[in-house]
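Each remark here refers to the structure printed beneath this line.
All residue numbers refer to positions in the sequence shown, counting from 1.
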Amino acid sequence: DELDGNELDGNDDLNLIMSEKLLNVLECISAIAKVSVLIFLKMSFLPLLLGMWLDISTLAVFKSCIKERVIFAGTDLVGFFLLHWVVGITFMMTVTISVLQFREILHPDILARIIRPQEPQPDLIGNLLQDSGWTHTKRVLPSLGIYAALLALHVWLPARILSWWGIDVYIPLFQPKLWYILSQAFQIPIELLAFHLCMLSFIEKYKNRIGEIQHRWLLKVCWILDLTDELLPRSISKFKLIATIPLKKNQDDSPLARNLIFSDGKYKSKFIDPFWERLMALQEKGVATEEFVEANLGNYPPLQSEEVNLDVPSKGSQTADPFYIHIPLPIFEKVKSNSSAPVTFSKKMLPPRVGSYGFRKQRNMNNTSDDVIIEVWKEVIGEPISRPPEGWDYLGEDGGAVDQGRWAWGKEIKSDVENAVARRKRFFPYKYKDNM
């Protein structure tokens, strides 16, 4: 019996070892399959699909048809697939560089929060394995949508217009003449390989120059259409003091406890100016608070003194924005804690910036009670910022946005350039009607 028990234990150990080895083999096979599928989809299928879409979109201007393409595939299948792959991968590279450049050229509120900067891939296979299938899907589908939209806008639509108006017959590009020194099956792959290598070298060498051309073109177009404030980043030349609003009004000398009232789950001072109370309520609801400030500044007397300006701090300071200190308001909100802990309240903090307006807390020296006032400053917009910066396509762990001056991504620290960008003007300004 003891021998039988030992044999059973030995068999169980052997089965366990074999199961672990089998699981390791299956994991390796699944990893290989995952990497193979992703590389095939991203590097083979997607460029080939885009190349065929481009070919179909331009059949009319080349005076060709699907039947001729099928005949070409039947006579030279390798050349057919290689031609469409090279055209597709070139289109992908061009669109990718252009979109990444537009991310850095346009105002950071437009594309910098939705388009990820180019990321170095020192361990491409490791990154493919680490990310889940859903993550890859979320990256591939939006990219495919962008490629398809730009293809339709910049290739299919112009080709249809040229074909409808008959202009294509006067453009030599659409009437190519082909000469073959070697056999067609040899010459086409050689020419496509040379073209692909030349495009790779050209884009890598002149990508910053391409961005400069895009920036100059946008500057001209935005100036003509009067869209500079809506699309392009502009510097802040200075801040102008436009109003001073008291934090409280009609305050007496009663103790703080007598000045507090309970409303909407918060304790607040009876004497807080309704401007700040309403501003905080709108801020918490996500309402357009900049328009509220503009609509209600007229309720307070204008400044009687001369114009006061505040210069923008230079680089190397804590921030390029002089308004970075939150202002405590006499509004107390209950802090969530365990049932056994005593009830505590924390002050609501007014953000130092609301759109193009900045707030600073000061003492009212003109009043004997030494009340607190809050200065309201407004941006004075300067010249457009020259973009894109050198190193815009670098996303590393040793600086990135701060060192290179590109727009920050995710939780990255913003550079001095981005902190000093003026607020973007809305295409359709919000008309705030709910005045105090």
Give a yes or no on whether the backbone of [Y] and the side-chain of [X] come within a donor-acceptor separation of less than 3.5 Å.
X	Y	value
W407	R103	yes
D55	G51	no
R360	Q362	no
Q214	I105	no
R234	R424	no
H215	I210	no
R353	Y357	yes
E375	K361	no
S356	K378	no
W276	L350	no

Report task. Going by the side chain to side chain contact (heavy atoms under 4.5 Å, CB included) test, name the single residue among L106, L232, V417, L218 that passes it with R387. Result -> V417

Query raised in the report: Between W85 and F80, does the ring centre distance come in under 6.0 Å?
Result: no

Report task. Determine, stepwise, if the pair L54 / L151 fulfils side-chain contact (heavy atoms from CB on, under 4.5 Å). Result -> CA-CA 7 Å; L54 283 164; L151 188 152; 3.6 Å; yes

Query raised in the report: Nearest heavy-atom pair of P108 and R113: which atoms, and what distance?
Result: O-NH1, 3.9 Å

Taking the side chain as every heavy atom from C-beta outward, state whether [X] and [Y] have any atom pair closer than 4.5 Å.
X	Y	value
F72	T75	yes
I327	M349	no
L41	L46	no
I381	S237	no
L82	I188	no
V293	F275	yes
T58	V61	yes
S235	E379	no

Query raised in the report: Do T96 and Y147 have a side chain donor and acceptor closer than 3.5 Å?
Result: yes

Query raised in the report: Using a distance-only test with no angle check, is there a side-chain donor-acceptor pair under 3.5 angstrom linking R406 and S415?
Result: no

Query raised in the report: Counting only heavy atoms not in D226, do more than 12 sit closer than 6.0 Å to its CG atom?
Result: no

**Report entry** Residue R216 excluded, over 12 heavy atoms near CZ under 6.0 Å
**Finding:** no

Query raised in the report: Does the pair R426/E291 count as a salt bridge with the N-to-O cut at 4.0 Å?
Result: yes

Query raised in the report: So, are E412 and R116 salt-bridged, with charged N and O less than 4.0 Å apart?
Result: no

